[in-house]
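Below: the structure, in structure tokens.
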Amino acid sequence: TDRSDLTLHSEGWAPGRLFWQGTIGWNRFDHIKNSYRFDFTDELQTLLDGEQDTSSATGLLARATLASDRKDRRWNFLVGLENYTEYAEGARIVDSTATNAGKARGNDFALFASAKTILWKKLTLQGGARWTQNQLFGAAVTPSAWLLWQPAAQWQARFSYANGFRSPGLKELYFNFIDINHYVVGNRDLQPEHSDNYRAEITWRSQNNPERTSLCLTASGFYNKVRDRIILSEYGPTQYRYANLSRWETTGAGFGVNFSFHNWLRFRSQVVMTGFFNAFSEGNDSLRMLNWSPDWVNDLTLSFFKQR
């Protein structure tokens with residue numbers, strides 16, 4: 001098995017405080033498995049017919065963006081384009097639309113733009129949209145919006161909304177992985193995922209000297225709704241295939257504390273309570289619609305030597 005990755009990235013400033021970035025990426029994955037029969041009498045080695053397993057996948061990415069950064073202007077913007085092409089071939093690739101058996105291809109082309117404006121000194125608004133053209137599933141437009149309100153030096157409130165679109169990958173559509181330990185097959189009837197994400201966050205920071213003592217408190221809440229979520233579903237004993245789940249939701253809230261004392265003590269604690277949608281609850285009132293799961297992360301850092 002071999003994997004190769006190559007990335008070329010460039011960025012710089014253009015006249016008028018315009019910042020540009022360009023990225024070109026290439027990656028290649030090869031899995032080669034050969035089975036031979038060895039004749040000890042004649043010392044000959046021959047390949048076994050039908051026992052070879054060679055698969056490969058290649059991805060090509062091109063992305064370019066241009067953004068303005070003018071603090072003396074009320075409006076700033078970002079525009080860009082992106083193209084990602086994926087190729088796969090091998091005996092495990094099953095694509096009924098391909099001219100040549102054992103090969104599949106997918107392509108995503110996207111244009112995106114966003115604009116940011118300061119409505120008042122305490123209110124910042126940003127909005128954007130992405131247009132995606134998928135070779136197999138057509139076009140989709142995904143908008144997003146973000147609002148920052150800072151009523152006082154110690155307080156910040158953020159609100160955001162984002163719409164999402166994800167088309168199935170070649171592995172989910174066409175790849176059959178069947179051996180003595182696995183039985184996973186692709187599904188050519190998969191549909192793209194569509195999602196909506198809402199998030200709100202309130203932050204309070206102390207006004208003490210940050211080189212001595214600082215305290216930051218954060219409270220947040222979120223809600224995600226996914227239509228036609230792509231999952232790995234068991235359709236037989238230890239046999240799996242990719243499928244769409246018509247409805248999927250998560251919601252939850254979190255609270256975090258960040259505290260530092262001089263330069264030698266830092267403490268961070270965050271607790272998040274997440275509710276996951278229970279698909280079996282549809283049509284069954286005896287089951288809870290959400291299964292809740294807590295997550296508590298703590299981090300303590302002590303520095304005993306002065307940093308130079």
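The closest donor-acceptor contact from the side chain of T251 to the backbone of F222 lies under 3.5 Å. Without hydrogens or angle criteria, T65 side chain to G80 main chain gives no donor-acceptor distance under 3.5 Å. For D108 (side chain) and Y84 (main-chain N/O), no donor-acceptor pair under 3.5 Å exists by modelled atom type. A distance-only check finds no donor-acceptor pair linking the side chain of D228 to the backbone of E193 [under 3.5 Å]. Side chain of E89 to backbone of I93: no donor-acceptor contact under 3.5 angstrom is found. Between the D30 side chain and the R3 main chain, no donor and acceptor come within less than 3.5 Å of each other.
Shortest non-hydrogen contact noted between N187 and D189 is OD1-N, 2.9 Å. Heavy-atom minimum distance, F112 versus L81: CE2-N, 3.7 Å. Residues Y198 and Y161 approach most closely at CE2-CD1, 3.3 Å, considering heavy atoms. Here the closest heavy-atom approach between residue Q270 and residue W296 is recorded as O-CD1, 3.2 Å. Considering every non-hydrogen atom in both N134 and S167, the closest pair reads ND2-OG, 3.0 Å. Residues P192 and P168 share a closest heavy-atom pair of CA-CD, 3.9 Å.
In this structure, OH on Y242 lies 9.0 Å from CZ on F175, to the nearest 0.5 angstrom. In this structure, T85 OG1 and L60 CG are separated by 6.0 Å, a value rounded to the nearest 0.5 Å. Once rounded to the nearest 0.5 Å, the distance linking CZ of R241 with OH of Y235 reads 6.5 Å. Atoms OG and CD, from S160 and E201 in turn, are 9.0 Å apart once rounded to the nearest 0.5 Å. Interatomic distance, OG of S4 versus CG of D2, reported as 6.5 Å (0.5 Å rounding). Taking CZ of R166 as the reference point, atom OG of S195 lies at 10.0 Å (rounded to 0.5 Å).
Ion pair R130/E82 flagged as a salt bridge, since at least one NZ, NE, NH1 or NH2 atom sits closer than 4.0 Å to an Asp/Glu carboxylate oxygen. Comment: R28 does not engage D5 in a salt bridge, judged by the lack of any side-chain N to carboxylate O separation of less than 4.0 angstrom. The pair D69-R17 meets the salt-bridge criterion, with a side-chain N (NZ, NE, NH1 or NH2) lying under 4.0 Å from an Asp/Glu carboxylate O.
No single ILVMFWY cluster, assembled from side-chain heavy atoms under 4.5 Å apart, contains both F165 and L190. Transitive grouping of hydrophobic side chains (ILVMFWY, heavy atoms separated by less than 4.5 Å) brings L173 and V184 into a common cluster. Grouping the Ile, Leu, Val, Met, Phe, Trp and Tyr side chains by contacts below 4.5 angstrom, directly or via other members, places L245 with F276. Both F177 and L170 are assigned to one and the same hydrophobic cluster, defined by single-linkage of ILVMFWY side chains at heavy-atom distances under 4.5 Å. Taking hydrophobic clusters as Ile, Leu, Val, Met, Phe, Trp and Tyr residues chained together by side-chain heavy-atom distances below 4.5 Å, I24 does not share a cluster with L61.
Between R229 and N244 there is no side-chain heavy-atom pair separated by less than 4.5 Å. The shortest side-chain heavy-atom distance between W292 and L290 falls under the 4.5 Å cut-off. Between Q239 and E234, every side-chain heavy-atom pair lies at or beyond the 4.5 Å cut-off. Side-chain atoms of T7 and T23, non-hydrogen and from C-beta on, do get closer than 4.5 Å to each other. No side-chain heavy atom of F255 sits under 4.5 Å from any side-chain heavy atom of S269. Two residues are said to be in side-chain contact when any heavy atoms from C-beta on lie closer than 4.5 Å; N107 and N83 meet this criterion. S220 is listed as a side-chain neighbour of R199, based on a closest heavy-atom distance under 4.5 Å. Using a 4.5 Å heavy-atom cutoff, the side chains of R105 and Q135 are in contact.
Dense packing is recorded around CG of N284, with more than 12 heavy atoms of other residues, nucleotides or ligands lying under 6.0 Å away. Counting heavy-atom neighbours within 6.0 Å of W149 CH2, excluding the residue itself, gives a total of 12 or less. Other residues, nucleotides and ligands contribute over 12 non-hydrogen atoms within 6.0 Å of the CH2 atom of W13. Environment of CZ in R205: sparse, with no more than 12 heavy atoms of neighbouring residues, nucleotides or ligands closer than 6.0 Å. A 6.0 Å sphere centred on CZ of R70 holds more than 12 heavy atoms belonging to other residues, nucleotides or ligands.
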List the steps and the verdict of side-chain contact (heavy atoms from CB on, under 4.5 Å) for L147 and L123.
CA-CA 7 Å; L147 179 68; L123 192 63; 3.4 Å; yes

Could you go step by step and tell me if E282 and R247 meet the side-chain contact (heavy atoms from CB on, under 4.5 Å) rule?
CA-CA 10 Å; E282 292 188 306; R247 178 187 175 190; 3.6 Å; yes

Between L215 and V257, is a side-chain contact (heavy atoms from CB on, under 4.5 Å) present by the stated rule, with each step listed?
CA-CA 7 Å; L215 177 64; V257 177; 4.0 Å; yes

Run H194 and N163 through side-chain contact (heavy atoms from CB on, under 4.5 Å) and show every step you take.
CA-CA 7 Å; H194 296 268; N163 181 262; 5.6 Å; no

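Ring pair W248/F277 is perpendicular by interplanar angle, where above 60° counts as perpendicular and below 30° as parallel.
Every residue two or more places apart in sequence or in another chain was checked for a side-chain hydrogen bond (donor to acceptor under 3.5 Å, both in side chains) with W75, and none qualifies.
Between F259 and F267, the ring centre distance reaches or exceeds 6.0 Å.
A side-chain donor from one of S214 and S260 sits under 3.5 Å from a side-chain acceptor of the other.
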